[in-house]
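All remarks here apply to the structure that follows.
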Amino acid sequence: HVQLVESGGGSVQAGGSLKLSCESRGHISSINCWGWFRQAPGKQREAVATIGDRTTTYVDSVKGRFTISQDKAKNTLFLQMNSLKPEDTAMYYCAAHFVCFRPPPLHPSHYNAWGQGTQVTVS
């Protein structure tokens, strides 16, 4: 069983930055695929960035602005978000799965462990 706990969300003006964290607990040693996803009101959950097997993927809308990274010693996943835009406003979730591919999948259906989410609001 894996527990994921996100933090770091908040309200920021356009052009600002936030860094999200996702602490993982439980049987995490076999997890190979991690991702950040987001869901705005009335919209489907969409991928932001994924990481696995030393490979990262980003959706086009965040390339050059967001960076996904890990601190394996601290069992923590990060998402550094710079140059934030109002359209980045959403609930952000981290997700994980034991199985990964190269590149790590961007589709939410691949992931079977999810955090509770952290809200990001850009005005």
Side-chain angles (χ1 to χ4, degrees):
H1 181 63
V2 174
Q3 289 182 307
L4 304 175
V5 181
E6 302 96 335
S7 62
S11 297
V12 65
Q13 291 187 336
S17 298
L18 284 173
K19 187 173 185 177
L20 306 184
S21 300
C22 173
E23 181 183 355
S24 54
R25 306 166 184 168
H27 299 288
I28 61 173
S29 59
S30 298
I31 292 179
N32 293 297
C33 222
W34 301 87
W36 284 100
F37 297 81
R38 64 188 180 187
Q39 188 167 17
K43 295 187 177 181
Q44 290 188 334
R45 190 168 297 188
E46 64 175 4
V48 175
T50 58
I51 185 168
D53 193 19
R54 297 181 298 278
T55 302
T56 57
T57 58
Y58 297 89
V59 293
D60 288 345
S61 61
V62 307
K63 285 181 180 177
R65 301 189 297 123
F66 291 10
T67 303
I68 188 171
S69 62
Q70 288 177 283
D71 184 337
K72 292 186 177 181
K74 296 182 179 179
N75 299 325
T76 303
L77 181 73
F78 300 102
L79 184 68
Q80 177 67 49
M81 305 186 295
N82 299 326
S83 302
L84 282 161
K85 304 176 181 179
E87 51 263 44
D88 295 317
T89 295
M91 185 71 80
Y92 282 70
Y93 301 88
C94 69
H97 197 286
F98 298 114
V99 177
C100 208
F101 306 100
R102 180 172 290 193
L106 285 169
H107 202 285
S109 64
H110 174 74
Y111 299 84
N112 61 358
W114 291 85
Q116 82 291 347
T118 186
Q119 178 68 38
V120 171
T121 302
V122 185
S123 59

Mind checking side-chain contact (heavy atoms from CB on, under 4.5 Å) for [X] and listing every partner two or more places apart, or none if nothing turns up?
X	result
Ser69	Phe78
Arg65	Val62, Ser83, Lys85, Asp88
Asn32	Cys100
Ser61	Arg38, Val59

(request) Determine which pairs satisfy ring pair (Phe, Tyr, Trp, His ring centres under 6.0 Å) with at least one residue from residues 29-65, sequence neighbours left out, and list them in order. (result)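 Only Phe37-Tyr111, Phe37-Trp114 qualify under ring pair (Phe, Tyr, Trp, His ring centres under 6.0 Å).
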Compare every heavy atom of [Y] with every heavy atom of [X], then report the nearest pair and how far apart it is.
X	Y	result
Leu4	Ser24	CD2-CB, 3.7 Å
Ala47	Leu106	CB-O, 2.9 Å
Thr76	Ser21	CG2-CB, 4.2 Å
Leu79	Ala49	CD1-CB, 4.4 Å
Thr89	Ala40	O-CB, 3.8 Å
Cys33	Val99	CB-O, 3.5 Å

(request) Could you list all the salt bridge (charged side-chain N to carboxylate O under 4.0 Å, His left out) pairs where at least one residue sits in residues 99-115, not counting sequence neighbours? (result)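 The answer is Asp53-Arg102.
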(message) I need the full list of salt bridge (charged side-chain N to carboxylate O under 4.0 Å, His left out) pairs touching residues 68-80, with sequence neighbours left out, sorted by first then second residue.
(response)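 Qualifying pairs, neighbours excluded: none.
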(request) Say whether, by atom type as modelled, one donor and one acceptor occur between the side chain of Glu6 and the main chain of Gly117 under 3.5 angstrom. (result)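 Here the side-chain-to-backbone pair exists.
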(request) Without swapping roles, check the side chain of Gln116 against the backbone of Val5 for a donor-acceptor pair under 3.5 Å. (result)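 Not at all, since once roles are kept as given, no pair shorter than 3.5 Å links the two residues.
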(message) Is there a path of hydrophobic side-chain contacts, each under 4.5 Å between heavy atoms, that joins Met91 and Leu77?
(response)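 No, separate clusters.
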(request) Mind checking ring pair (Phe, Tyr, Trp, His ring centres under 6.0 Å) for Tyr93 and listing every partner two or more places apart, or none if nothing turns up? (result)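 Testing Tyr93 for ring pair (Phe, Tyr, Trp, His ring centres under 6.0 Å), a comparison that skips the adjacent residues, returns none.
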(message) Which residues pass the ring pair (Phe, Tyr, Trp, His ring centres under 6.0 Å) test with His97, not counting sequence neighbours?
(response)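 Listed in chain order: His110.
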(request) Not counting sequence neighbours, list each pair that qualifies as a side-chain hydrogen bond (donor to acceptor under 3.5 Å, both in side chains) and has a residue in residues 10-20. (result)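 Residue pairs passing side-chain hydrogen bond (donor to acceptor under 3.5 Å, both in side chains), neighbours aside: Ser17-Asn82.
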(request) Please examine the side chains of Phe66 and Leu84, heavy atoms only from C-beta on, and report whether any two atoms are closer than 4.5 Å. (result)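 SC-SC contact between Leu84 and Phe66 confirmed.
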(message) What I'd like to find out is whether the side chain of Leu20 reaches to under 4.5 Å of the side chain of Val120, using heavy atoms alone.
(response)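 With C-beta onward as the side chain, the pair touches.
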(request) Taking side-chain hydrogen bond (donor to acceptor under 3.5 Å, both in side chains) as the test, write out the residues that go with Thr57, two or more places apart. (result)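 Thr50.
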(request) Please list, chain by chain and in numerical order, all residues satisfying salt bridge (Lys or Arg N to Asp or Glu O under 4.0 Å) with Glu23, sequence neighbours excluded. (result)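 Salt bridge (Lys or Arg N to Asp or Glu O under 4.0 Å) check on Glu23 returns Arg25.
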(message) Could you walk me through whether Glu46 and Gln44 satisfy the side chain to side chain contact (heavy atoms under 4.5 Å, CB included) test, starting with their C-alpha distance in whole Å, then the side-chain angles of each, then the deciding distance to 0.1 Å, before giving a yes or no?
(response) CA-CA 6 Å; Glu46 64 175 4; Gln44 290 188 334; over 6 Å; no
(message) Taking atom CD as the centre, does Glu87 end up with more than 12 heavy-atom neighbours from other residues, nucleotides or ligands that are less than 6.0 angstrom away?
(response)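 Count over threshold, so yes.
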